[in-house]
Amino acid sequence: MVWDRTVFSINRDRLLDDDIARPFFRRVLHLAQWQGFVSDEHFSVDGTMIEAWASHKSFVPKDGSGPDKPAGRNPETNFKGEKRSNATHQSTTDPQARLYKKGEFTEAKLRYMTHALSENRNGLVVDVESTQATGRAEWEAAIRMVDRSVRKPGATIGADKGYDTAEFVGELERRGIRAHVARKVTGSAVDGRTARGKGYAMSLRRRKMIEEAFGWIKTVGGLRKTRHKGLEKLSGQALFAFAAYNLTRLLNLMRQAATA
C-alpha cells in the first residue's frame, strides 16, 4: 500500500491534536526534570501574537451585508471608511481568528495568541497555552498555566508590565504565589516592599530568557504565522514548537554539564 496525500493529511491532523501534542511536550519536559535542569520555584510568563492563516479580505460582516464579492481569484478590496470589529465581522477563511493589535499605533491583523510559562533556572518552557487574541488573554492563560504547572507554595512568577493589573496580581496572591511583575510608572498593583527585594530584581533579569524562547519558535520554529486554521491546530503546533525548543536547549545544557 502506498500512502497518498489524504492519508498524510489525516495523520497530520491527529498529530496536532492536543491529546498527542501535550503528552509529547510533557515527555520532553520530564527528561529535563530528570536531568535536574528545571526549577520548581521561580518562573516567568509571557505571550505573543501569532498571525492567522487568513487575510483582511476574508474579514466580512457576519450578517452578510456589504458589497458583493468582486469577480476574480484575488480581487482588489477597499476598506477605507469601513468600521470593522470582531463584534460585527468574521473571517470566512478562519472564523476563530480575531482582528487584534497590541499597541495604539500598530497594525491590526487577524491573529491568535500563544502563551508560555518558563522556569528561571535555565529558561526551559514548562507549559504552553494558545488562545484567541483578546485584551484579557495573557492574564487568563497565565493563571491556567500556573494552576497546571506551579505546585510549590511561595513560588514566584515574573512578567512584564502588561501583567501589572490588580486582577492578575490578586489571583496569584490568592494562590500563595509571589507576583514579580514589572511595575507600571503609576497605579502599580505590585507593592513597594516586593519591588525592593533582591528576589524581585533577580526575577526581572531572568524573565528575559522567555523572550529567547519566543524568538526561537518564530524564526527557527516557523511559528510567526500559523500554517493551519483554527485554534485547536495552532495549539498543537505551538506545543511541538516549544518542545523542539526545549530539546535544543536541553542538548546545549547537557553539553555544558559534560564539559564542566
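Because the structure is a prediction, the values reported are computed rather than measured.
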Is the shortest distance from a Lys or Arg side-chain nitrogen in Glu211 or Arg207 to a carboxylate oxygen in the other one below 4.0 Å? yes
Heavy-atom side-chain contact between His42 and Arg206 under 4.5 Å: no
I want to check something: taking the side chain as every heavy atom from C-beta on, are Arg144 and His115 in contact at a cut-off of under 4.5 Å? no
Kindly work out whether a path of hydrophobic side-chain contacts (I/L/V/M/F/W/Y, heavy atoms less than 4.5 Å apart) joins Leu234 to Val125. yes
Arg224 side, atom CZ; Met49 side, atom CE - distance, nearest 0.5 Å: 11.0 Å
For Leu231 against Gln96, the heavy-atom pair lying closest together: N-OE1, 2.9 Å
To the nearest 0.5 Å, atom OG of Ser55 lies from atom NZ of Lys109 at 12.0 Å
Indicate yes or no: at least one non-hydrogen side-chain atom of Val181 is less than 4.5 angstrom from one of Ile157. no
Which atom names give the shortest non-hydrogen contact between Phe37 and Ala257, and what distance separates them? CZ-CB, 4.4 Å
Taking the side chain from Arg121 and the backbone from Gly36, do they hold a donor-acceptor pair closer than 3.5 Å? yes
With a cut-off of 6.0 Å (strictly less than), are more than 12 heavy atoms of other residues, nucleotides or ligands near NZ of Lys225? yes
Decide, yes or no, whether a salt bridge links Arg22 with Asp127 under the criterion of side-chain N to carboxylate O below 4.0 Å. yes
Any side-chain heavy-atom pair from Lys233 and Trp53 closer than 4.5 angstrom? no
Heavy atoms, side chains only, cut-off 4.5 Å: are Leu124 and Leu253 in contact? yes
Could you measure the distance from the CD1 atom of Ile217 to the CD atom of Glu212? Nearest 0.5 Å is fine. 13.5 Å
Between Glu119 and Asn122 (side chain of the first, backbone of the second, donor and acceptor by atom type, cut-off under 3.5 Å), is there such a pair? yes
Let's go through Leu117 and Ile210 carefully: what are the C-alpha distance in whole Å and the side-chain angles of both, what is the deciding distance for side-chain contact (heavy atoms from CB on, under 4.5 Å) to 0.1 Å, and is it a yes or a no? CA-CA 8 Å; Leu117 180 73; Ile210 199 171; over 6 Å; no
Quick check: closest heavy atoms across Ser91 and Phe59, and the distance to 0.1 Å? N-CD1, 3.7 Å
Does any part of the side chain of Ile177, heavy atoms only, come nearer than 4.5 Å to the side chain of Phe43, both counted from C-beta? no
Phe242/Phe25 aromatic ring centres below 6.0 Å: no
According to a 4.5 Å side-chain heavy-atom criterion applied to Ile, Leu, Val, Met, Phe, Trp and Tyr, with indirect links allowed, do Trp34 and Leu250 form part of one hydrophobic cluster? yes
Measuring only between side-chain heavy atoms, which start at C-beta, is Pro61 closer than 4.5 Å to Thr88? no
Drop me the distance from Glu138's CD to Thr48's OG1, to the nearest 0.5 angstrom. 8.5 Å
Just checking, is any N or O donor in the side chain of Asp191 or Thr194 under 3.5 Å from an acceptor N or O on the other one? yes
For Ala243 and Val28 the tightest heavy-atom approach is O-CG1, 3.8 Å
Closest non-hydrogen contact found for Arg183 with Lys161 is O-CE, 3.2 Å
Check: Ser118/Ser44 side-chain N/O donor and acceptor closer than 3.5 Å: no
Roughly how far, to the nearest 0.5 Å, is the CD atom of Glu41 from the CG atom of Asn120? 10.5 Å
State plainly whether one hydrophobic cluster holds both Val126 and Val146, where clusters connect Ile, Leu, Val, Met, Phe, Trp and Tyr through side-chain heavy atoms under 4.5 angstrom apart. yes
Least distance between heavy atoms, Ala133 atom then Arg98 atom: O-CB, 3.7 Å
So with a 6.0 Å cut-off around CZ of Arg151, is the heavy-atom count from everything else above 12? yes
Under the side-chain hydrogen bond (donor to acceptor under 3.5 Å, both in side chains) test, which residues partner Asp40, sequence neighbours left out? none
Pairing donors with acceptors under 3.5 angstrom, does anything connect the side chains of Thr131 and Glu140? no
Would a hydrophobic clustering, with Ile, Leu, Val, Met, Phe, Trp and Tyr connected at side-chain separations under 4.5 Å, put Leu29 with Trp216? no
From Met202 atom CE to His180 atom NE2, the distance as rounded to the nearest 0.5 Å: 11.5 Å
Given the rule in the side-chain contact (heavy atoms from CB on, under 4.5 Å) test, do Asp46 and Tyr163 qualify, once you have shown the distances and angles that lead to the verdict? CA-CA 9 Å; Asp46 205 353; Tyr163 294 82; 4.2 Å; yes
Phe168 and Val190: same hydrophobic cluster, using ILVMFWY side-chain contacts below 4.5 Å? yes
Please examine the side chains of Leu223 and Phe214, heavy atoms only from C-beta on, and report whether any two atoms are closer than 4.5 Å. no
Under 4.0 Å between a side-chain nitrogen and a carboxylate oxygen: does that hold for Arg148 and Glu129? yes
Polar side chain donor-acceptor pair, Thr114 to Ser130, under 3.5 angstrom: yes
